[in-house]
Amino acid sequence: MAGVGNNPNSPRQKMINLMYLVFIAMMALNVSSEVLDGFGLVDDTLHTSIDNTSNRNEIISNELQSYYQANPAKAEEWYNKSLRVKGASDDIYNYIEELKERIVKVADGKDGDLSDIRNKDDLEAASRVMLAPINGEGKKLREAIDSYRTAMANLVDDPGKTAVIEASLSTKAPKQVGINQRNWEESLFENMPVAAAITLLTKLQSDVRYAQGEVLNNLLSSVDVGDYRVNMIEAQVIPTSQIVMRGSQYRANIVLSAIDSTKRPTVYVNGQKLPEENNGLFTVNTGSTGTFPIKGYVEMPNSDGSILRRDFESEYYVTEPAATVAPTLMNVLYAGIVNPIRIAVPGIPSGSVSATMTNGTLTRNGDVWDARPNTVGEEAVVSVSARMADGRSVQMANTSFRVRALPDPLPYIEYKDQNGNTRKFRGGNIAKRSLLESNGILAAIDDDILNIAFTVLRFEITYPDSFGNMINEPTEGGNFSERQKNYIRNLSRGKQFWINRVVARGPDGIERTIPPIEVRVN
């Protein structure tokens with residue numbers, strides 16, 4: 001079958017777009033002969049494209065005619081439509097050709113030859129033929145194109161191809177900055193040299209043949225949809241799922257890979273003939289788990305009266321109802337925070353799975369579920385149900401989790417090392433510069449299992465004075481106070497102090513005092 005390309009970025013379309021850029025430059029009155037000759041080259045290229053498209057259209061038309069002669073009952077509708085498409089396309093194509101000849105005769109006289117235009121730079125001929133106040137052909141051409149475009153688009157059921165046809169045959173006037181709005185025919189033919197006007201009309205002819213090809217190809221595809229043409233026929237088993245849970249049904253379609261809608265096959269499964277009204281749908285109730293075979297054959301009459309038979313063989317699996325409920329953090333849930341968990345039922349799409357939880361809330365969040373338990377020490381039970389293909393809701397699993405409080409976080413000082421990398425200081429030796437560049441202290445659980453930030457509410461630094469007395473310097477929040485920074489500035493190498501009585505609050509809302517940090521200044 002002949003294929004048709006509808007890519008708006010094809011070389012042909014790119015060439016046409018380039019031509020339009022040249023037309024914009026033609027708004028200047030002084031047009032060189034080299035540019036006018038260039039339009040002749042573009043016109044020749046368009047004619048080559050028209051010839052190629054016409055040959056392709058002829059091949060498709062001949063194939064439609066062959067289908068009609070071989071099977072009039074199936075192909076008559078599409079063949080008759082192809083004749084109407086050809087007639088309408090030829091009419092508008094020939095009308096445009098007559099307009100081209102008239103423009104040339106106005107420019108060169110009654111002996112003007114379209115293949116040898118002498119006055120290519122004539123700026124009045126196209127306007128006289130196309131834009132004359134009473135007998136101008138521009139409006140008639142626009143209306144003819146609009147009518148043809150609508151007729152062709154109505155014969156194509158592919159929205160993408162319809163959009164291409166409508167775009168290629170559009171009669172919307174192009175918008176030009178600084179120029180009063182003109183209609184389509186004025187924008188194409190007003191003050192347009194004969195060479196450019198002829199090329200524009202040839203481009204319209206090319207678009208007509210292109211649209212004709214798109215519609216013919218669509219008609220040919222429509223015949224193929226109803227035509228029964230294959231070189232291999234095989235019986236197939238198409239189950240809804242090969243994994244079936246006990247208590248639900250195994251469902252499968254027994255079909256031929258290609259079927260003529262006027263013929264009904266006869267299906268035998270495991271020694272039994274399927275009822276004709278089942279249309280090949282095989283069902284069986286499942287009462288026990290295991291692997292079960294399904295075999296048989298399909299018979300269909302050939303056009304010569306013989307019987308076509310194809311065997312098939314498959315199997316299905318029956319499993320106990322089951323579900324997997326796995327926390328993504330660890331084997332417990334933490335109270336007061338969101339615990340992501342994954343819930344899946346083998347053979348059941350995620351949209352058909354529902355779940356609830358005791359001692360808290362459970363909500364779906366994309367591919368995971370967010371579990372937020374309430375009471376520490378009390379179990380949280382996640383119950384999972386699944387909606388079967390027949391609409392029944394089946395209880396799949398009940399999974400219990402221990403609920404614990406969040407562990408205490410650890411404080412740290414965040415600073416940049418000499419390479420600019422962010423580091424966490426949890427105690428020991430540190431440069432005075434790093435201390436002063438940091439804002440203060442942070443707290444978090446980051447033990448590769450949990451990654452939870454806490455808010456530091458207050459802390460103290462404790463240091464010895466010159467008499468050996470321990471001085472406490474408190475502050476609110478997590479940042480060093482100015483008094484604390486002044487102390488750090490005055491520290492000499494080897495001196496140490498402690499950051500203690502750190503109070504932090506986690507996402508569970510609980511305030512807790514966490515371990516201190518011992519600091520020695522390098």
Has [X] got a side-chain atom pairing as donor or acceptor with [Y]'s backbone, closer than 3.5 angstrom?
| X | Y | result |
| --- | --- | --- |
| D116 | L114 | no |
| N154 | T150 | yes |
| N270 | G296 | no |
| D158 | G160 | yes |
| S170 | E166 | no |
| N339 | A371 | yes |
| T53 | G213 | no |
| T48 | D44 | yes |

Quick one: do the [X] and [Y] side chains pair a donor with an acceptor below 3.5 Å?
| X | Y | answer |
| --- | --- | --- |
| Y148 | S89 | yes |
| Y95 | E137 | yes |
| K86 | S61 | no |
| S168 | D207 | no |
| N365 | D370 | yes |
| D108 | N119 | yes |

Any chance [atom1] of [X] has more than 12 other-residue heavy atoms, nucleotides or ligands included, within less than 6.0 Å?
| X | atom1 | answer |
| --- | --- | --- |
| R142 | CZ | yes |
| D417 | CG | yes |
| Q272 | CD | no |
| E101 | CD | yes |

Rounded to the nearest 0.5 Å, how far does [atom2] of [Y] lie from [atom1] of [X]?
| X | Y | atom1 | atom2 | result |
| --- | --- | --- | --- | --- |
| N479 | L442 | CG | CG | 8.5 Å |
| K120 | T199 | NZ | OG1 | 9.5 Å |
| S206 | H47 | OG | NE2 | 10.0 Å |
| L169 | Y210 | CG | OH | 10.5 Å |
| I96 | K203 | CD1 | NZ | 10.0 Å |
| I117 | I198 | CD1 | CD1 | 5.0 Å |

Next on the checklist: Walk me through whether V85 and M152 qualify under side chain to side chain contact (heavy atoms under 4.5 Å, CB included).
Outcome noted: CA-CA 7 Å; V85 169; M152 295 302 102; 3.9 Å; yes

Testing the basics here: between [X] and [Y], what is the closest heavy-atom pair and its distance to 0.1 Å?
| X | Y | value |
| --- | --- | --- |
| S82 | L216 | CB-CD2, 3.6 Å |
| R364 | S350 | NH1-O, 3.2 Å |
| S393 | S385 | OG-CB, 3.9 Å |
| M130 | L141 | CE-CD2, 3.9 Å |
| V298 | P265 | CG1-CB, 3.6 Å |

Item to check | Stepwise side chain to side chain donor-acceptor pair (under 3.5 Å) check, T266 with K273 | outcome: CA-CA 7 Å; T266 303; K273 178 182 176 181; 5.1 Å; no

Side-chain touch [X]/[Y], heavy atoms, less than 4.5 angstrom:
| X | Y | answer |
| --- | --- | --- |
| V194 | D121 | no |
| N218 | L155 | no |
| K416 | T422 | yes |
| K110 | K105 | no |
| Y297 | V269 | no |
| S383 | Q395 | yes |
| T202 | Q205 | yes |
| N183 | S187 | no |

Next on the checklist: Distance to the ring centre below 6.0 angstrom and angle to the axis at most 45 degrees; does that hold for R423 and Y415?
Outcome noted: no

Item to check | Residue list, side-chain contact (heavy atoms from CB on, under 4.5 Å) with R84, at least two apart or on another chain | outcome: N80, K81

Checklist entry - Between Y79 and Y68, how do the two ring planes meet: parallel, tilted or perpendicular, split at 30° and 60°? => result parallel

Short N-O contact, [X] and [Y], less than 4.0 angstrom:
| X | Y | answer |
| --- | --- | --- |
| D311 | R309 | yes |
| K100 | E97 | yes |
| R310 | E299 | no |

Checklist entry - Yes or no on side chain to side chain contact (heavy atoms under 4.5 Å, CB included) for Y67 and L219, after CA distance, side-chain angles and deciding distance? => result CA-CA 11 Å; Y67 282 2; L219 295 177; over 6 Å; no

Next on the checklist: Just to verify, which of D51, N57, D90 counts as forming a side chain to side chain donor-acceptor pair (under 3.5 Å) with R209?
Outcome noted: D90

Checklist entry - Pick one: which of L220, I60, I165 meets side chain to side chain contact (heavy atoms under 4.5 Å, CB included) with V215? => result I165

Next on the checklist: Evaluate F282 against L274 for side chain to side chain contact (heavy atoms under 4.5 Å, CB included), listing each step before the verdict.
Outcome noted: CA-CA 7 Å; F282 169 69; L274 290 186; 3.9 Å; yes

Item to check | From CA spacing to verdict: side chain to side chain contact (heavy atoms under 4.5 Å, CB included), W184, I145 | outcome: CA-CA 11 Å; W184 175 80; I145 292 175; 3.7 Å; yes

